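Structure record follows, encoded as structure tokens.
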Amino acid sequence: MYQTTIKKPVEVVGIGLHKGVAVKLRLEPMSENTGIVFYRSDKGVSIPLRPEYVVDTKMATVIGNKGAVVSTIEHLMSAVYAFGIDNLRVVLDNNEIPIMDGSSISFTLLFKEAGIQIQDKSKKILKIKK
């Protein structure tokens with residue numbers, strides 16, 4: 001099994017669930033072994049999707065770095081997982097992923113529009129033994 005990304009950038013504008021503000025979201029392909037990286041374009045801050053960057057889980061999953069946060073990532077991440085995407089840049093100009101219709105279908109449609117690119121490196125697999 002090889003790592004994957006998207007073939008081309010795609011973007012959408014939607015409203016954040018908790019703050020109710022407009023958010024421009026852009027999904028961009030990334031090179032092998034990059035992982036999923038969120039980028040707050042309004043703050044100039046990258047937030048890798050790794051456990052140590054989770055800052056809150058009360059009302060939504062919130063990740064953060066250097067004072068910048070991204071909230072409500074669950075539905076987008078469900079679609080990322082469903083498509084097996086390993087490397088992706090998620091660019092947004094506000095602090096929350098748009099809620100769209102309240103499910104992951106809108107993100108699924110974005111990934112279908114972008115297409116999936118198989119990359120040259122093998123997937124990294126985590127095996128839980130206990």
Side-chain angles (χ1 to χ4, degrees):
M1 290 175 40
Y2 291 96
Q3 294 180 33
T4 61
T5 190
I6 57 177
K7 288 184 180 179
K8 66 177 185 176
V10 288
E11 61 184 55
V12 68
V13 175
I15 303 296
L17 173 66
H18 299 287
K19 305 282 190 212
V21 296
V23 182
K24 181 179 177 184
L25 174 80
R26 181 177 169 88
L27 305 175
E28 300 175 346
M30 291 290 273
S31 60
E32 294 98 337
N33 299 320
T34 304
I36 310 296
V37 178
F38 288 78
Y39 179 72
R40 286 283 304 272
S41 61
D42 59 325
K43 302 278 187 184
V45 176
S46 291
I47 309 167
L49 185 64
R50 294 201 306 257
E52 61 266 29
Y53 291 94
V54 175
V55 296
D56 194 8
T57 58
K58 288 182 190 87
M59 296 294 288
T61 302
V62 182
I63 58 174
N65 188 25
K66 299 179 183 174
V69 297
V70 175
S71 179
T72 320
I73 66 173
E74 299 87 352
H75 299 155
L76 171 61
M77 294 314 304
S78 293
V80 167
Y81 177 79
F83 279 82
I85 297 171
D86 302 289
N87 303 301
L88 181 71
R89 185 176 192 214
V90 180
V91 180
L92 61 160
D93 65 356
N94 215 314
N95 65 353
E96 190 172 24
I97 300 293
I99 193 60
M100 310 308 278
D101 74 341
S103 74
S104 64
I105 192 68
S106 298
F107 303 113
T108 298
L109 295 172
L110 281 174
F111 288 130
K112 286 183 177 184
E113 179 184 337
I116 304 302
Q117 177 69 51
I118 297 173
Q119 298 177 302
D120 294 330
K121 300 280 185 182
S122 294
K123 279 189 181 277
K124 295 178 179 182
I125 304 296
L126 175 65
K127 184 176 181 181
I128 300 172
K129 295 182 179 183
K130 187 175 181 181

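Predicted model only: the values in this text are computed from it and were never measured.
Expressed to the nearest 0.5 Å, how far CZ of Arg26 lies from OG of Ser41 amounts to 10.5 Å. Here the NZ-CG distance, from Lys43 to Asn65, works out to 13.0 Å after rounding to the nearest 0.5 Å. Interatomic distance, Ser71 OG to Ile97 CD1, rounded to the nearest 0.5 Å: 8.5 Å. Between the CD1 atom in Ile125 and the CE atom in Met1 there is a gap of 4.5 Å [rounded to 0.5 Å].
Looking only at side-chain heavy atoms (C-beta outward), Ile6 and Ile85 come within less than 4.5 Å of each other. Counting only heavy atoms from C-beta outward, the side chains of Leu110 and Thr108 never approach each other to under 4.5 Å. Within the 4.5 Å cutoff, the side chain of Tyr39 has no heavy atoms near those of the Leu92 side chain. You'll find the side chain of Ile15 stays beyond 4.5 Å of the side chain of Val21, heavy atoms only. Using a 4.5 Å cut-off on side-chain heavy atoms (C-beta onward), Val91 and Glu11 make no contact. Counting only heavy atoms from C-beta outward, the side chains of Val13 and Leu25 never approach each other to under 4.5 Å. Phe38 has its side chain within reach of Leu76: a pair of non-hydrogen atoms, C-beta onward, lies under 4.5 Å apart. Within the 4.5 Å cutoff, no side-chain heavy atoms of Val70 are placed close to those of Asn95.
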For a quick test of your reading: what N or O donor-acceptor pairs under 3.5 Å do the side chains of residues 113-123 make, sequence neighbours left out?
from, atom 1, to, atom 2, distance (Å)
Gln119, OE1, Asn87, ND2, 2.6
Gln119, NE2, Met30, O, 2.8
Lys123, NZ, Gly84, O, 2.9
Lys123, NZ, Asp86, OD1, 3.1
Lys123, NZ, Asp86, OD2, 2.7

| task | Please assess Leu27 against Phe107 for the test side-chain contact (heavy atoms from CB on, under 4.5 Å), listing each intermediate value before the final yes or no. | result | CA-CA 10 Å; Leu27 305 175; Phe107 303 113; 5.5 Å; no
| query | Would Val80 and Phe111 count as a side-chain contact (heavy atoms from CB on, under 4.5 Å) if you check the C-alpha gap in whole Å, the side-chain angles of each, and the deciding distance to 0.1 Å? | reply | CA-CA 8 Å; Val80 167; Phe111 288 130; 3.6 Å; yes
| request: Check step by step if side-chain contact (heavy atoms from CB on, under 4.5 Å) holds for Glu96 and Ile73. | output: CA-CA 8 Å; Glu96 190 172 24; Ile73 66 173; over 6 Å; no
| Verdict with reasoning, Asp93 to Val23, per side-chain contact (heavy atoms from CB on, under 4.5 Å) | CA-CA 6 Å; Asp93 65 356; Val23 182; 4.0 Å; yes
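Counting all heavy atoms, side chain and backbone alike, His75 lies closest to Ser103 at CB-O, 3.7 Å.
At a threshold of 4.5 Å between side-chain heavy atoms, the hydrophobic network of Ile, Leu, Val, Met, Phe, Trp and Tyr places Val37 and Val62 in two separate groups. A chain of hydrophobic side-chain contacts below 4.5 Å, direct or via other Ile, Leu, Val, Met, Phe, Trp or Tyr residues, connects Leu49 to Val54. Placement of Ile63 and Leu17 in two distinct hydrophobic clusters is found when ILVMFWY residues are connected by side-chain heavy-atom separations under 4.5 Å, directly or transitively.
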